[in-house]
Amino acid sequence: MPKPRSTAAPRRLGPPQLAFVRCWAEGLDLVAAWDRYLYVDGVGDGRRARGELQRLLDELRALARAHGRPELAALLRRDPAAMVDSARAAPTLAEFAAQQPADYYTEAELIALYQAEHGQADARSAARRKQRLRQRLVEALQWLERLVARAPAPDDAVDAWLDDKVAQRLAAVGIRRLQDLMVWVRSKGFHWQRGIPRLGPEGAARIVRWLREHEATLGALPSPALAPLSQVDTRALTPLPRVGIVPLERFIPPAERDGSHGLNRAPLARCKIAAANDHEALQAWLRLRLPGSHTWRAYRKEGERFLLWAVMHRRKALSSLDGDDCVAYRDFLANPGPEWMGPRNAQRWSEAWRPFEGPLAPGSQAAALTIVRSLCEWLVRRHYLDSNPWDDVPQRADAPSMPQLRALSQKQWALVQGWLAEQLAQAPSPALHRLRFMLDFAYMTGMRLSELAAAELGWLRQEQLDDGEWAWSIMVLGKRNKWREVPLPDAAMHALRLYLKARGLPPEPFDNASATPLIAHLAQEAPLTPARIYEVLVTAFERCAAAIATQDRRSAERIAAASTHWLRHTYGSHAAAQGVPQDVLQANLGHESLATTSIYVRAEKGRRHRAVQAAFGPAKG
């Protein structure tokens with residue numbers, strides 16, 4: 001008997017399910033039928049195929065009874081394969097002749113005798129009865145298909161069409177209806193399954209194939225959902241520029257709000273930038289930063305939000321904003337409307353993209369305001385704006401936010417390592433080998449995201465110390481374009497050698513070209529961008545959190561919130577806990593001030609906590 005379904009929604013009966021049952025009625029192989037029609041539920045075998053067949057037959061019999069056709073319900077209980085052929089098989093003519101007296105019959109008499117005994121087939125033979133039963137079963141299924149079968153609709157529940165286990169994995173990230181699934185795939189692109197627990201590329205490919213087969217009712221998927229971005233011309237797919245809440249490169253402001261005649265514009269004769277409107281002025285400001293760098297991305301994000309809000313929400317040009325508008329923007333950051341929020345990591349070419357994922361935390365609000373203040377200040381210095389509207393907005397007298405150390409504890413880091421080891425043991429892949437190196441190397445060096453992306457094997461150094469020991473280190477080009485040297489423990493070098501070997505390169509770093517990227521694409525020796533490294537690591541943290549949620553809910557919540565910068569803080573806090581001096585940490589991390597490094601010193605915090613705990617004892621009652 002099949003196990004009862006764990007969800008309340010009954011499975012839909014669509015054309016694939018009816019086609020699968022029809023294959024059984026016609027006597028075709030069930031596993032082959034599964035692979036052709038029910039592939040979306042995963043790989044099938046004989047046992048699974050027979051179990052699904054019985055479930056579908058149960059539903060069809062119930063439908064037949066509910067619609068006043070009990071004879072069809074009874075018919076669907078009969079299995080043609082179970083019919084026994086009791087008729088005696090006829091011998092061949094040669095076998096029949098051997099049974100007769102030698103030279104007793106002529107050839108003509110022998111043939112006539114054979115036809116008299118075996119030439120007339122029984123009209124009610126088992127073969128005829130099987131064929132008739134199969135025909136009646138097919139006719140019954142055709143009647144039921146006309147009655148109930150329909151194509152999936154966007155508002156249908158996912159678990160009404162997909163396998164229970166797959167539906168549960170999708171529900172873990174909030175995908176409960178088919179329209180949610182379509183939005184997710186459209187916005188995430190080809191690797192949309194990343195971040196969904198226990199859903200790999202093969203399972204994702206089966207779901208995409210199923211979605212494509214039902215484009216008529218669910219809608220079409222864009223090309224980036226069907227192939228890696230490296231194989232897709234996203235420029236050709238990017239929707240046309242328009243007025244709306246769209247990325248900066250697609251945004252066309254209404255002529256009356258483009259800033260060409262902004263109320264706060266300085267005299268054109270004094271302007272020191274070639275910008276006729278606010279959009280061009282913002283682009284000129286962005287060009288001062290290295291494209292693709294962490295700073296450039298942060299400045300683009302906040303400048304983009306500020307311009308879109310001014311034009312689309314405040315309905316004013318950015319160069320017409322005043323102090324009251326700036327106060328309104330400050331409040332807006334704490335509570336953007338739903339039309340301003342979209343799914344996390346939605347691609348910029350996707351219509352699902354929005355400038356916010358949700359309300360900004362106080363720290364993020366402060367960072368955003370700092371950036372837009374500096375934008376307006378720069379525009380004043382370049383004589384594009386007459387004055388900085390933020391000068392009229394006093395700094396809030398709020399108490400400073402409490403310091404937060406965004407780092408994983410020793411236990412949480414061990415959970416991440418254990419999860420990754422389990423993944424590698426189950427299904428090792430180049431992507432998992434790269435992930436292991438990225439996690440280990442970032443954890444053991446404290447390097448920033450931009451530093452990891454830019455690093456090359458030529459940055460490595462091996463020198464003999466005063467005591468005669470040979471030591472490895474890496475030169476890192478950090479903030480303010482300054483180089484610093486970070487010592488590499490033996491474990492970091494071991495991780496690097498394993499990763500180079502997995503890439504098919506010589507495991508000894510100096511046996512490779514100096515320009516070889518530290519972290520590379522899977523298919524080519526090209527450096528991974530900071531955005532891609534961020535996506536890989538954040539997705540890994542989300543998958544890990546989903547896997548351990550039942551084991552340790554609080555740790556899972558902490559890991560799910562982690563990002564690449566958390567690895568830097570984790571390096572600092574764990575190193576300090578192991579007794580690494582603050583001045584050494586300061587140099588390794590590239591901090592200007594020792595006060596910044598002091599946030600990692602946890603030994604004193606632990607000693608104070610244990611002293612108070614000893615004084616007041618355990619909880620009573």
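Computed from a predicted structure; not experimentally measured. These values consider heavy atoms only, across backbone and side chains, with no hydrogens, waters or symmetry-generated copies.
Remark: the backbone N or O of Ala64 is not paired with any side-chain donor or acceptor of Arg69 at under 3.5 angstrom. A donor-acceptor pair is defined here as one N or O able to donate and one able to accept, closer than 3.5 Å; no such pair exists between the side chain of Trp34 and the backbone of Phe20. The main-chain N or O of Ala153 is found under 3.5 Å from a side-chain atom of Asp156 such that the two form a donor-acceptor pair. Judged by distance alone, with hydrogens and angles left aside, the side-chain atoms of Gln193 form no donor-acceptor pair with the main-chain N or O of Leu199 at under 3.5 Å. Side chain of Arg48 to backbone of Val43: a donor-acceptor contact under 3.5 angstrom is found. Using modelled atom types, no side-chain atom of Arg257 and backbone atom of Ala317 make a donor-acceptor pair closer than 3.5 Å. The main-chain N or O of Pro80 is never found under 3.5 Å from a side-chain atom of Arg129 such that the two would form a donor-acceptor pair. In this structure a side-chain-to-backbone donor-acceptor pair under 3.5 Å is missing from Arg212 to Leu221. Without hydrogens or angle criteria, Gln365 side chain to Leu360 main chain gives a donor-acceptor distance under 3.5 Å. At least one donor-acceptor pair closer than 3.5 Å links the side chain of Trp184 to the backbone N or O of Trp192.
Residues Arg61 and Glu59 are not paired through a salt bridge, judged by the lack of any N-O separation under 4.0 Å between the basic side chain and the carboxylate. Salt-bridge check for Glu351 with Arg242: passed, with a basic side-chain N closer than 4.0 Å to an acidic carboxylate O. With respect to Arg206 and Asp163, no salt bridge is recorded, no charged nitrogen being found less than 4.0 Å from a carboxylate O. Look at Lys411 and Asp552 and you find a salt bridge, because one of the NZ, NE, NH1 or NH2 atoms lies within 4.0 Å of a carboxylate O, short of that distance.
Going from atom CG of Leu318 over to atom CZ of Phe306 covers 5.0 Å, rounded to the nearest 0.5 Å. Here CZ of Arg406 is found 14.5 Å from CG of Leu567. Values are rounded to the nearest 0.5 Å. Note that the CG atom of Leu60 and the CZ atom of Arg55 stand 9.0 Å from one another [nearest 0.5 Å]. Atoms CG and CG, on Leu133 and Asp79 in that order, are 8.0 Å from each other to the nearest 0.5 Å. In this structure, CE in Met438 is found 7.5 Å from CG in Leu452, a value given to the nearest 0.5 Å.
Scanning all heavy atoms of the two residues, the minimum distance from Trp24 to Leu53 falls at CD1-CD2, 3.5 Å. Ile196 and Leu170 get closest at one heavy-atom pair: CD1-CD2, 3.9 Å. Contact record, Gly44 with Asp35: N-OD1, 4.3 Å, taken as the closest heavy-atom pair. The nearest pair of heavy atoms linking Pro517 to Arg503 is O-NH2, 3.0 Å. Counting all heavy atoms, side chain and backbone alike, Ser555 lies closest to Gln412 at OG-CG, 3.7 Å. When all heavy atoms of Leu141 and Leu18 are compared, the pair lying nearest together is O-CD1, 4.1 Å.
Under the 4.5 Å side-chain criterion, counting only non-hydrogen atoms from C-beta, Leu432 is in contact with Leu435.
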Salt bridge (charged side-chain N to carboxylate O under 4.0 Å, His left out) between Glu52 and Arg50, worked out | CA-CA 5 Å; Glu52 182 66 5; Arg50 288 189 296 273; over 6 Å; no

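Heavy-atom contacts from other residues, nucleotides or ligands closer than 6.0 Å to CZ of Arg36 number 12 or fewer. Heavy atoms from other residues, nucleotides or ligands lying under 6.0 Å from CZ of Arg315 number 12 at most. Heavy atoms from other residues, nucleotides or ligands lying under 6.0 Å from NZ of Lys165 number 12 at most. Residue Gln426 qualifies as enclosed at atom CD: its count of foreign heavy atoms under 6.0 Å is above 12.
For the residue pair Asp440/Gln417, the side-chain donor-acceptor check at 3.5 Å is satisfied.
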For residues 533-542, tabulate all N or O donor-acceptor pairs below 3.5 Å that involve a side-chain atom, not counting sequence neighbours.
residue	atom	partner	partner atom	Å
Glu535	OE1	Arg532	NH1	3.0
Thr539	OG1	Glu535	O	2.7
Glu542	OE2	Arg344	NH1	2.7

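Using cut-offs of 30° and 60° on the angle between ring planes, the pair Phe332 and Trp340 is perpendicular. Ring geometry, His214 versus Trp161: the interplanar angle falls from 30° to 60°, so the pair is classed tilted.
A cation-pi arrangement is found for Arg305 relative to Phe356, the charged atom lying closer than 6.0 Å to the ring centre and inside a 45° cone about the ring normal.
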